[in-house]
Amino acid sequence: MPPPGRVFSSLTVRGRCVVAAAGMLLLVGVLLGERPLVQLAVFTLALPVLSALAVARQRFRLSARRTVTPARVPRGETADVVLEVANADSRTGGLWVLTEQLPLHLGTPPHFVVERLAPGARTSLRYRVHGHRRGRHLLGPLRLRLVDPFGLVERSAVGADSAPLLVVPRVRPLGAGGPAGGQGGGGEGSRRTIAVHGEDDVSTREYRHGDDLRKVHWRAPARTGELMVRLEERPWRAQATLLLDTRARAHLVVPQSRAAGRSDAPRTGPAGDDAPPADSLEWVVEAAASIGTDLTRRGAVLRAVTDAGELLPSSGRGRLSAEDLLDRLAGVGASRVSDLRGGVERLCRAAGEGPVICLLGAVGPDDVVDLIRSRSGPTTDLAVLTDIESWADPAHSRGRRALSTPSRGALAAQREDAATLLRAAGWRVAFARADRSVEEVWAALGAPAQAAALTVPGLHGTPA
């Protein structure tokens, strides 16, 4: 017979209510001297004990196998899971209550009831998970509860098996706009320059401190009286490098517990987007996935770095494929790095002579000075500055505490100052907001109002 302590701890809510009622009945019977009430109370108290004994005598051996389709889904999409349970024992199983343990971000754990499964028999249980949050998740293990027929006592056991599910960032279409919008089309190693009619027709701009003297257009001063340098566009075919600002201090990040608890709550985002990014960091990661995938599909050699390190392919070195990029971005989270210096150093090593696209959080002039110094020269690089205050608006915050008016003003002023410095150094700059899609921001980077259209030599095809 199980010890009393084990019997009480294995009682269900129903079992505890029965024991409490039986105890009250016993007390009333003793006080009133009613023997039938005492007998009924003793019988009722014995019932949970007998049930616990019956459950304790049950033996079981089961195996579980999961098939996840697909095993890699974009954020916001669903995956179907087939859980195959087999009775590996030589005896018929009892009443099994099975619960699949899931991370909070994948939805409510499914429950199944399997009764009297024959020896060696199998049953297939199906459920669906929704990838509310990007990351690497485990489905399982399976939790088994043995329950007596009256539902008074239960016994639990947890397996050790699980199956992986990878939720990658969404890839949003960029359209025909943007700084790499469908131009070019030369072959391998081709290069298209702005100067197509000879030395006298080359495009120029004013000389800035730090420009390569080899790029100075020596005939221009005779006409303008000012020192000028030749404009050369970087060949996207050779290489493009992404810099992601993942610093926690530069973003408004939704806590995981809050995001999981309100995964079905409506969010306000770009028109037509039913699953917009929950915070500014998710927007940056989604933009990196979309831009990087578009460039690799059209032939660019891609590398990506963050303030915490470089995102490497599965081989450990070399160019990132679109699949490698999405797999690495799936695990990117907020970092504790305080500044961008480390990320800028990695960017300089990785980018070489290729163009860079910087996806930044809340930055000020001090944050972009190193970028400007490291990328000085007659080139065109791109920067997206995130308006993190827009994710603190009531329409987007989903319970997050709103920013004060002075805080909003300070962040906006720092962002404008940083954008002014970048533009003065020849960068193209656009702003990201909670209600702007990646496609809109990418198109803003290529808008004629910013600069002349940027050529994209050597890329094949057009954007998706």
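What's counted below: heavy atoms across the whole structure, side chains too, no hydrogens, waters or symmetry copies. We number each residue from 1, following the sequence as shown. These numbers come from a predicted model, not from an experiment.
Contact check on Arg415 versus Glu389 returns a salt bridge, with a Lys/Arg side-chain nitrogen under 4.0 Å from an Asp/Glu carboxylate oxygen. A salt bridge links Glu282 to Arg134: one of the charged nitrogens lies within less than 4.0 Å of a carboxylate oxygen. Classification of Glu84 and Arg65 as a salt-bridged pair holds, one side-chain N sitting under 4.0 Å from a carboxylate O. Salt bridge annotation for Arg341-Asp307: absent, with no cationic side-chain nitrogen under 4.0 angstrom from a carboxylate oxygen. Between Arg66 and Glu100 there is a salt bridge, since at least one side-chain N of the basic residue sits less than 4.0 Å from a carboxylate O of the acidic one. A salt bridge links Arg170 and Asp273; the closest N-O separation between the charged side-chain nitrogens and carboxylate oxygens is under 4.0 Å.
For Val158 against Pro141, the heavy-atom pair with the smallest separation is CG1-CG, 3.7 Å. The two residues Ala157 and Phe60 come nearest to each other via the heavy atoms CB-CZ, 3.7 Å. Here the closest heavy-atom approach between residue Val82 and residue Arg126 is recorded as CG2-NH1, 3.1 Å. The minimum heavy-atom distance linking Ala278 with Val254 is given by the pair O-CG2, 3.4 Å. In this structure, Pro365 and Leu421 approach most closely via the heavy-atom pair CB-CD1, 3.6 Å. In this structure, Leu382 and Trp427 approach most closely via the heavy-atom pair O-CZ3, 3.4 Å.
Put simply, the side chain of Asp245 gets close to the backbone of Gly361: a donor and an acceptor are under 3.5 Å apart. Remark: side-chain polar atoms of Arg328 are paired, donor with acceptor, to backbone N or O of Leu312 under 3.5 angstrom. In this structure, the side chain of Asn87 does not engage the main chain of Ala121 through any donor-acceptor pair within 3.5 Å. A donor-acceptor contact shorter than 3.5 Å is absent between the side chain of Ser162 and the backbone of Gly140. With hydrogens and angles ignored, the 3.5 Å screen pairs no side-chain donor or acceptor of Ser335 with any backbone N or O of Ala308. The backbone N or O of Ala275 sits less than 3.5 Å from a side-chain atom of Arg75, completing a donor-acceptor pair. No donor-acceptor pair under 3.5 Å is formed between the side chain of Thr386 and the backbone N or O of Ile388. Judged by distance alone, with hydrogens and angles left aside, the side-chain atoms of Arg247 form a donor-acceptor pair with the main-chain N or O of Ser338 at under 3.5 Å. Of the possible polar contacts, none joining the Ser374 side chain to the Cys348 backbone as a donor-acceptor pair under 3.5 Å is found. A donor-acceptor distance shorter than 3.5 angstrom exists from the side chain of Ser390 to the backbone of Ala434, with no hydrogens or angles considered.
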Would Val114 and Val85 satisfy side-chain contact (heavy atoms from CB on, under 4.5 Å), going step by step from the backbone distance to the final call?
-> CA-CA 9 Å; Val114 178; Val85 178; 5.7 Å; no

Kindly indicate, with the supporting measurements, whether the criterion side-chain contact (heavy atoms from CB on, under 4.5 Å) is fulfilled by Thr69 and Thr67.
-> CA-CA 7 Å; Thr69 309; Thr67 303; 4.1 Å; yes

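Using cut-offs of 30° and 60° on the angle between ring planes, the pair Tyr127 and Phe112 is tilted. Below 30°, between 30° and 60°, or above 60°: for His105 and His137 the angle between ring planes is between 30° and 60°, a tilted geometry.
Thr241 has its side chain within reach of Gln239: a pair of non-hydrogen atoms, C-beta onward, lies under 4.5 Å apart. Put simply, the side chain of Arg143 does not reach to within 4.5 Å of the side chain of Pro109, judged on heavy atoms. Between Val429 and Leu385, the closest side-chain pair of non-hydrogen atoms falls below 4.5 Å. For the pair Arg136 and Val167, the minimum side-chain heavy-atom distance is 4.5 Å or more. In this structure, Val438 and Leu174 have side chains that are in contact, with non-hydrogen atoms separated by less than 4.5 Å. Side-chain contact check for Leu371 versus Leu347: some heavy-atom pair is nearer than 4.5 Å. Counting heavy atoms from C-beta outward, Leu83 and Leu142 have side chains that approach closer than 4.5 Å. Here the side chains of Arg303 and Leu242 are not in contact, with every heavy-atom distance at 4.5 Å or above.
Under the rule for a salt bridge (charged side-chain N to carboxylate O under 4.0 Å, His left out), Arg155 has no partner lying at least two apart in sequence or in another chain. Applying the salt bridge (charged side-chain N to carboxylate O under 4.0 Å, His left out) test to Glu77 and every residue at least two apart in sequence or in another chain returns nothing.
Taking CG from Leu243 and CG from Leu340, the interatomic distance works out to 6.5 Å, rounded to the nearest 0.5 Å. Rounding to the nearest 0.5 Å places CZ of Arg128 at 4.5 Å from OG1 of Thr78. To the nearest 0.5 Å, atoms CH2 (Trp283) and CG (Asp387) are separated by 11.0 Å. Atoms CG and CG, from Asp161 and Leu62 in turn, are 8.5 Å apart once rounded to the nearest 0.5 Å. Note that CG of Leu295 is 6.0 Å distant from CZ of Arg298, once rounded to the nearest 0.5 Å. Here the OG1-CZ distance, from Thr296 to Arg319, works out to 8.0 Å after rounding to the nearest 0.5 Å.
Using modelled atom types and a 3.5 Å distance limit, the side chains of Ser321 and Asp324 yield a donor-acceptor pair. For the residue pair His111 and Thr99, a side-chain donor N or O sits within less than 3.5 Å of a side-chain acceptor on the partner.
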